[in-house]
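In the text below, chain A, chain B and the rest are named by the order of the sequence lines, each starting its count at 1. Bear in mind the structure is a predicted one, so any value in this text is a computation, not a measurement.
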Amino acid sequence: MEYNFRETEKKWQAYWAKNKTFSPEENLLKPKFYSLDMFPYPSGAGLHVGHPLGYIASDIYSRYKRMRGYNVLHPMGYDSFGLPAEQYAIQTGQHPAVTTEKNIARYREQLDRIGFSFDWSREVRTSDPSYYKWTQWIFIQLFHSWYNKTSDKAEPISTLVSQFEKDGNGLVHAQHSCERTFTAAEWKSFTEKEQQQVLLQYRLTYLSDTMVNWCPKLGTVLANEEVKDGLSERGGFPVVRKLMKQWSMRITAYAERLQKDLELIEWPESIKEAQKNWIGKSEGSTVEFKLDNEIGVIEVFTTRPDTIFGVTFLTLAPENELVSMITTPDFKEAVTAYVNVASNRSERERMADVKRISGVFTGAYATHPFSGEKIPVWVGDYVLAGYGTGAVMAVPGHDSRDYAFAKHFDIDIREVVKGGDLSKEAYEAKDGTIINSDFLNGLSVKEAMAAAIEAIEKRAIGKRRINFRLRDAIFSRQRYWGEPIPVFFKDDVPYTLPEEQLPLVLPEVDKYLPTEEGEPPLARAKNWQTMDGYPLETNTMPGWAGSSWYFLRYMDPHNDKRFADEKAVNYWKDVDLYVGGAEHATGHLLYVRFWTKFLFDMGHIPVNEPARKLVNQGMIQGVSSFVYRINGTNTYVSHHQKQNFETTALHVDVSIVKDNVLDLQKFKAWLPENKDAEFILDDGNYICGSEVEKMSKSKHNVVNPDEMVELYGADTLRMYEMFLGPVEQSKPWNTNGITGVFGFIKKFWKLFHVSGSFAVSEVQPSKAELKVLHKTIKKITDDIERFSFNTSVATFMICVNELTDLKCDKRGILEPLTRILSPYAPHIAEEIWSRLGNTGSISGVEWPQLIEEHLVDDAFSYPVSFNGKTKFNLEIPLNLSASEIQERVMTAEETRKFLGDKEVKKVIVVPGRIVNIVI
RNA sequence: GCCCACGUGGCGAAAUUGGUAAACGUUGCGGUCUCAGAAGCCGUUGGAGUAAUUUCCUUGGGAGUUCGAGUCUCCCCGUGGGCACCA
């Protein structure tokens, strides 16, 4: 009679696998629902209790949608290229493919035990050649494409070549990095090599000398989002700026669309906001300032053209080429010294030093285009070479950086927008009236902006312009464990491999380290370096390449003719529900949008965005335990006495700590160096310190789900993880409440038992029982639709308690209840479903119908308060449905008996709630 | 510095459109069962007053809108996240 979850869960997991219960049908007439989880990187630490949080939520939703008649695609796979496997390989000499395979097997085993409804026949692995064949194929498509700003989409490179042949590049409106202009005749006179070099500067993936984030310790370049505060995200090693020949992806071509299309998708505001910040669109104008002595002009970019009359100096970035040209002899020495110091400072130093103001006067002057005033030109490292034009018009009155600079060097500060107090700080608000500004006087900031831009354009000294903070994404990595870039070099110019030669398989190497000459590990491979005698590219792709299109591969994962068949792509289209962590906001989630838009432009897929709805699951954090070692000794001091000593806090494995008390025997056995450890105790116990942190192997705070499944079963684990709180919220893992959920499963099982044996009654349910059932159906349906699974668990508990009180044993109630429980606790639901005499899986059964009449009470009687005093009970006729009553407006006549002669216009009744009285 | 989110019992939390705040679980306390324990089961558990039906207070702080505010508006405080010399 006791519910045997171990046996039952194993039985049904085997059943699902054998019957392929969760493979979607080949039925294109049925509506589709594509439910996707971000696939995991299979790390050596195995799956921890944080991973399943999002997977459980999407699994509940997927199972629900299946019962609602949708053809559901719910796949899972592995993001199996990555740095940890490679670093492990460097240390042990073991091939990353071997460790990855082992880790995947472990993940799979752990995932299976939780009872997910994944269609494993569609599993993908990014490190599998049959998969990365198509990652390489997409790379080749990007290589052979350019971004035409006129049509506002990517086009084949051939359309660009024909424009060059017709008109040269003067009229081409493209996203590119080509600095020369040429005519059609010149184009035709170019050698093959010259033409290829030009084309490279237009391709959507291109090779160029780029300032990159070089991490010497990791021996590789890193993308901007892999660098945090001048240190590598993985490992925390210093990162320096370095000029290197690198592949990049021209994501900047899509900046505008990536920003604008955020409006079309149902993603969390915080993610949209993060992407907007990252893209960093700013609208403004360029302005030219003519330099004295006919040297030329300084072009600046400003978002505040309205403050142009407040300009009292110009500042150039130290790297700006103009600096050496304009500096007058008197200032040469100082300027050269300053530029040298600035260029030698590392990115990290410059960031750490934001507060320090530095700069130097060049001796040169420019003329203000409107007032004709002489404006001094300075050099300052607060101006970035890589943004805008590398030069700014300084308006100290209305920009805090210019203000600080002017104060420091005692430069004139001029007020041109009314509203602030310039003796204290710059007035940056875009709100106020323009003063001291000639033809702009009296206008608002907004009006002045438009007027100033108009005047600038009229005089042809500048143009309206939009700048983006977004940079092109560096695409090469000097690593082994990644997709080889399908490119060879002829005459130093890159060419892509013929598509029929894909995949370009990762070669074997003797060591996973760079060569002595500093070439990437792939340069070690024998019989690899050439393609018809031409050398192959030895860089590999970054981690995000494989994950930027995997959602498409699941649609048709075994196709070797196309990344996915057209029919499949047109049916499944895009992801309806995407669940994953918010840490990918400006990485994966931006790149997958970029590649989707590109594939859409080229006509390969019918959608412009990869995922309609995104839900971020929170992180389940670990509670780390600490021991305190007295410095220079092998003595550990208990938490409360540690302030008396100089100690170092060390992470200790959470499995040998219970309620903050350390198991001393286990601690001694844990690590060899602990064998002779001594302790200073509190009341005979060693008390550990604790802290909430991210779960990770190195912090020894990882809790695996296996243990929970073993103790309480998968259904309890699933419901408990949901019960912990909203899916979106991060929270530390604790098992305090799990007995409550475990008790629920047991009580539910008990409902089906009469004196020890399984039985249900065929008697018609009572009114009260039907009310409990339909209340629950309504609540659970609402909860699932709005992704509020924690409240569902509470609802189930209330329902079971009420039915237990009613001693309900009727099939008419218990059978539909089993159905709505099945997405949450599928194993016990399947078992009951089969014991009730049904064949087949409960997962294909229809979701029970909600009958609203059952929710209506026999009589409504509401306590009503009026003016905080008058109290009476208001009764409402029974013959109205719940929704009718909700909207029912009572007439004055009906209410007069309660409120006497007061003039009551109407009374609004909300079932179960207060009444609104309008007088 | 800028942008965003959040702040409710001892704890995790609920309150869906502005409508009885604290559902559900846990912890603690009391009881029942037991040789004993585990597991069940029953009662109680925001604060204050009361012998008691019951009354008053309470959603970080302050103000406002409203018949009515945890929910809406403004200011302040605190926590978390994103961006960070981006002109």
Looking at [X], does any N or O in its side chain come under 4.0 Å of the phosphate oxygens OP1/OP2 on [N]?
{"X": "A:Arg469", "N": "B:A87", "value": "no"}
{"X": "A:Tyr382", "N": "B:A87", "value": "no"}
{"X": "A:Asn790", "N": "B:A14", "value": "yes"}
{"X": "A:Arg786", "N": "B:U17", "value": "no"}
{"X": "A:Asn801", "N": "B:G25", "value": "yes"}

Q.
Can you confirm whether A:Val377 sits close enough to A:Phe289 that some side-chain heavy atom of one is under 4.5 Å from a side-chain heavy atom of the other?
A. no

Using side-chain heavy atoms (C-beta onward) and a distance below 4.5 Å, is A:Tyr824 in contact with A:Ser792? yes

For [X] and [Y], I'd like to know if the aromatic rings sit close, meaning centre-to-centre distance below 6.0 Å.
{"X": "A:Phe787", "Y": "A:Phe789", "answer": "yes"}
{"X": "A:Phe409", "Y": "A:Phe313", "answer": "no"}
{"X": "A:Tyr403", "Y": "A:His398", "answer": "no"}
{"X": "A:Trp733", "Y": "A:Tyr720", "answer": "yes"}

Please tell me which of the listed nucleotides, [options], lies nearest to the side chain of [X]?
{"X": "A:Thr739", "options": "B:U26, B:A84, B:G25", "value": "B:U26"}
{"X": "A:Phe301", "options": "B:G25, B:A87, B:U16", "value": "B:A87"}
{"X": "A:Ala794", "options": "B:C24, B:A14, B:A87", "value": "B:C24"}
{"X": "A:Lys746", "options": "B:C24, B:A39, B:U26", "value": "B:A39"}
{"X": "A:Val383", "options": "B:A14, B:C4, B:A87", "value": "B:A87"}
{"X": "A:Thr586", "options": "B:C83, B:A87, B:A14", "value": "B:C83"}
{"X": "A:Lys747", "options": "B:G40, B:C41, B:A14", "value": "B:C41"}
{"X": "A:Glu273", "options": "B:G82, B:A23, B:C4", "value": "B:C4"}
{"X": "A:Ser282", "options": "B:A87, B:C83, B:A14", "value": "B:A87"}
{"X": "A:Thr302", "options": "B:A87, B:A39, B:U16", "value": "B:A87"}

Any base atoms under 4.0 Å from [X], or only sugar-phosphate, or nothing? Heavy atoms, all strands.
{"X": "A:Pro726", "value": "sugar-phosphate"}
{"X": "A:Asp402", "value": "nothing"}
{"X": "A:Asn734", "value": "nothing"}

Heavy-atom closest pair (A:Arg304 atom, A:Val445 atom, distance to 0.1 Å) is NH2-CG1, 4.0 Å

For [N], what is the paired nucleotide under Watson-Crick or G-U wobble rules, both distances under 3.5 Å?
{"N": "B:A48", "result": "B:U55"}
{"N": "B:A5", "result": "B:U79"}
{"N": "B:C11", "result": "B:G25"}
{"N": "B:U71", "result": "none"}
{"N": "B:C35", "result": "none"}
{"N": "B:C85", "result": "none"}
{"N": "B:U20", "result": "none"}

Expected label for B:G61 (glycosidic angle, syn inside 90° of 0, else anti) would be anti

Side chain A:Asp399, main chain A:Asp402, donor-acceptor under 3.5 Å: yes

Euclidean distance, atom [atom1] of residue [X] to atom [atom2] of [N] [Å, nearest integer]:
{"X": "A:Glu721", "N": "B:C24", "atom1": "CD", "atom2": "P", "result": "23 Å"}
{"X": "A:Lys779", "N": "B:U16", "atom1": "NZ", "atom2": "P", "result": "10 Å"}
{"X": "A:Trp749", "N": "B:G40", "atom1": "CH2", "atom2": "C1'", "result": "18 Å"}
{"X": "A:Gln729", "N": "B:G7", "atom1": "CD", "atom2": "P", "result": "9 Å"}
{"X": "A:Leu384", "N": "B:C83", "atom1": "CG", "atom2": "C1'", "result": "14 Å"}
{"X": "A:Lys731", "N": "B:G80", "atom1": "NZ", "atom2": "P", "result": "18 Å"}
{"X": "A:Lys775", "N": "B:U16", "atom1": "NZ", "atom2": "C1'", "result": "16 Å"}
{"X": "A:Ile271", "N": "B:C83", "atom1": "CD1", "atom2": "P", "result": "11 Å"}

